[in-house]
Amino acid sequence: MSESKKIITSGMRPTGSLHLGNIFGALHNWIKLQEKYTCFYFIVDWHSLTTPGFGDAVGYENTKGLQNNIKQMVIDWIAGGLDPKKCTIFVQSHVPEVAELYLLLSMITPLGWLERNPTYREMLKDYKIEYPTYGLLGYPTLQAADILAYKGNYVPVGKDQESHVNLSRDIAGRFNNLYQKNVFPLPEVLMTEVPKIPGTDDVNKKMSKSAGNYIALIHSEQETLDRIKSMFTDPVKIRKTDQGHPDGCVVFAFHKIYNQEAVTVVRQECEEGSRGCVDCKMQLAQKMNQALKPIRDKRKELEQQTDLIYDILSSGANQAQKVAQATLSEVKDVMNLTRKK
RNA sequence: AGGCCUGUAGCUCUAACGGCUAGAGCACCUGACUCCAAAUCAGGGGGUUGGGGGUUCAAAUCCCUCCAGGCCUGCCA
């Protein structure tokens, strides 16, 4: 591990097989970053317990699908191009030092910071959480522990997570200040341009597992086709020959991603009424399935190699744990918590 | 630990005094219409009314008990 390399930390909630939103929103970025940085990528299983599960999703009251979700997600990370030789891949809870760091950080995290946290408030509103738990309020502190345990410099996250990283920086700064030691680097958001991936039902909505408007790597080509067929299109284009408005059309949004070379033609044909939505969808399905095929083939292969997957997670956890242990002992040192014997 | 409140379809709720096969909206699925999707129309699935016991000819409704959750008070830290 070279000293000069900056450290990246980032996590994903264990929601199972990746969908296109995850892939373009995060994974592609992660893959690029693993080349230049020391990267810690982990599955945040603890974070998935901060809320109740919605429907059959994982939450604190329903952890049934947790292990399978973790497995499917790691398979997709690797099938998609994360290389365990280039980055450290593991499960958050496999490094218990993070929990201890979380505890210590919680002692110095002002309650007001957490209560004021806009993401927390949105969470309560958007997910209609009537009875928030202690764990949910403390989410940013846990995230801070995730970053700081590995002394992360940069955190590649979306705009919605920006305030959390800012909180992590505040907590790190407060710790350094209180104990007059520069234990933690101050983590920064690494903003990157990511294409917005709409849901299959609405260009203005995000693709998400809970909304059910997604296409995942685990889906078959047929399933993908079915989901493309059900995509929302221009409501004023009733007949095949009507002039369409591609900018409000989900199918077109995906042509921009999977059919880049033909996108101007697609737009023109749609606008002038020489292209029907059915043809347009069929073409998209063909392009998308073609693009996803190598990853899907790889994921099928990996699914047969459970040992390999668990070995990757296990050696990832070992590597991460070493780093976290070193950080923690430093932390305990400055807080005078180190055992004499 | 005590007091009070809540529990009915995936979600929000209705079902007077105990009384017909526990209903509706949204969501979901199917069909019709559409190049498709959406919208619209038609149809459909879905419930041991939180569990158990009791009273009664008859319980979602009344009683007991347990479970889960919430609010308040107390106690401890």
Q) Taking CD1 from A/I228 and P from B/C36, how many angstroms apart are they, rounded to a whole number? A) 17 Å
**Q.** Rounded distance in Å between the C1' positions of B/G2 and B/G45
**A.** 46 Å
Q. Please give, in whole Å, the distance from B/A27 C1' to A/N213 CG?
A. 14 Å
Q: Decide yes or no for A/V266 and A/P246: does some side-chain heavy atom of the first lie under 4.5 Å from some side-chain heavy atom of the second?
A: no
Q | Exam field: side chain A/K181 to backbone A/F175, donor-acceptor pair closer than 3.5 Å | A | no
**Q.** Residues within residues 229-258 of chain A bordering RNA chain B, heavy-atom distance below 4.0 Å
**A.** A/K229, A/S230, A/M231, A/F232, A/T233, A/D234, A/P235, A/K237, A/I238, A/R239, A/K240
Q) Can you list the residues that meet the ring-ring contact (aromatic ring centres under 6.0 Å, His included) rule with A/W30, with sequence neighbours excluded? A) A/Y41, A/W77
Q. What distance, rounded to whole Å, do you find between the two C1' atoms, one in B/A68 and one in B/C75?
A. 24 Å
Q. Distance between the P atoms of B/C71 and B/U30, in whole angstroms?
A. 41 Å
Q | Span that lies between the P atom of B/C66 and that of B/C28, in whole angstrom | A | 42 Å
Q.
Quick test of your reading: applying ring pair (Phe, Tyr, Trp, His ring centres under 6.0 Å), list the pairs with at least one residue in residues 258-294 of chain A, sequence neighbours left out, ordered by first then second residue.
A. A/F24-A/Y258
Q. Which nucleotides of nucleotides 70-77 of chain B have their base under 4.0 Å from a protein heavy atom (B), which only their sugar-phosphate (S), and which neither (-), written as one string 5' to 3'?
A. S-------
Q) With no hydrogens and no angle check, is any side-chain donor or acceptor of A/K256 less than 3.5 Å from a backbone partner on A/N259? A) no
Q: For this output row, return yes or no: ring centroids of A/H94 and A/F42 closer than 6.0 angstrom.
A: no
Q: Please determine if A/R174 and A/D170 form a salt bridge, counting it only when a charged side-chain N lies under 4.0 Å from a carboxylate O.
A: no
Considering only distance and modelled atom types, tabulate donor-acceptor pairs under 3.5 Å from the side chains of residues 184-201 of chain A, sequence neighbours left out.
from: A/T192; atom 1: OG1; to: A/N29; atom 2: ND2; distance (Å): 2.8
from: A/D201; atom 1: OD1; to: A/N213; atom 2: ND2; distance (Å): 3.0
from: A/D201; atom 1: OD2; to: A/K205; atom 2: NZ; distance (Å): 3.3

**Q.** Length of the CG-P vector between A/L284 and B/C36, whole Å
**A.** 18 Å
Q) Taking only residues at least two apart or on different chains, which pairs with a member in residues 17-39 of chain A satisfy salt bridge (charged side-chain N to carboxylate O under 4.0 Å, His left out)? A) A/E35-A/K86
Q: Heavy atoms only: give me the nearest A/I70-A/P14 pair and the separation to one decimal.
A: CG1-CB, 3.9 Å
**Q.** Separation between the P atoms of B/U6 and B/C76, rounded to whole Å
**A.** 32 Å
Q. By a strict heavy-atom criterion of less than 4.0 Å, which residues belonging to residues 100-114 of chain A are in contact with RNA chain B?
A. none
Q | Gap between atom CD1 of A/I295 and atom NZ of A/K293 - 0.5 Å precision | A | 12.0 Å
(Q) Rounded to whole Å, please give me the gap between NZ in A/K281 and C1' in B/C35. (A) 10 Å
Q. Any stems for RNA chain B, made of 3 or more Watson-Crick or G-U pairs in a row, each with both distances under 3.5 Å?
A. B:1-7 with B:67-73, B:10-13 with B:23-26, B:28-32 with B:40-44, B:50-54 with B:62-66
Q: Identify which one of A/N117, A/L142, A/I147 satisfies the side chain to side chain contact (heavy atoms under 4.5 Å, CB included) criterion when paired with A/H164.
A: A/N117
Q.
Taking salt bridge (charged side-chain N to carboxylate O under 4.0 Å, His left out) as the cut-off, I'd like each qualifying pair that reaches into residues 215-227 of chain A, sequence neighbours left out, listed once.
A. A/E223-A/R227
Q: Please confirm whether the backbone N or O of A/F40 pairs with a side-chain atom of A/T88, one donor and one acceptor, at under 3.5 Å?
A: no
Q.
Checking the side chain of A/Q34 only, and the main-chain atoms of A/D83 only, is there a donor and an acceptor separated by less than 3.5 Å?
A. yes
Contacts under 3.5 Å, N or O only, protein and nucleotides 28-33 of chain B:
none

Q.
Can you tell me which residue among A/V74, A/I78, A/D297 is in a side chain to side chain contact (heavy atoms under 4.5 Å, CB included) with A/L302?
A. A/I78
Q: List for me each residue that meets salt bridge (charged side-chain N to carboxylate O under 4.0 Å, His left out) alongside A/E100, sequence neighbours excluded, and say none if there are none.
A: A/K332
Q) For A/H19, does its backbone N or O pair with a side-chain atom of A/N22 as donor and acceptor, under 3.5 Å? A) yes
Q) In Å, rounded to the nearest 0.5 Å, how long is the span from OG of A/S106 to CG of A/L101? A) 10.0 Å
Q: Please state the P separation for the pair B/A9 and B/U14 - nearest whole angstrom.
A: 13 Å
Q: Go through residues 261-280 of chain A and report each residue with a non-hydrogen atom lying under 4.0 Å from RNA chain B, sorted by number.
A: A/G276, A/C277, A/V278
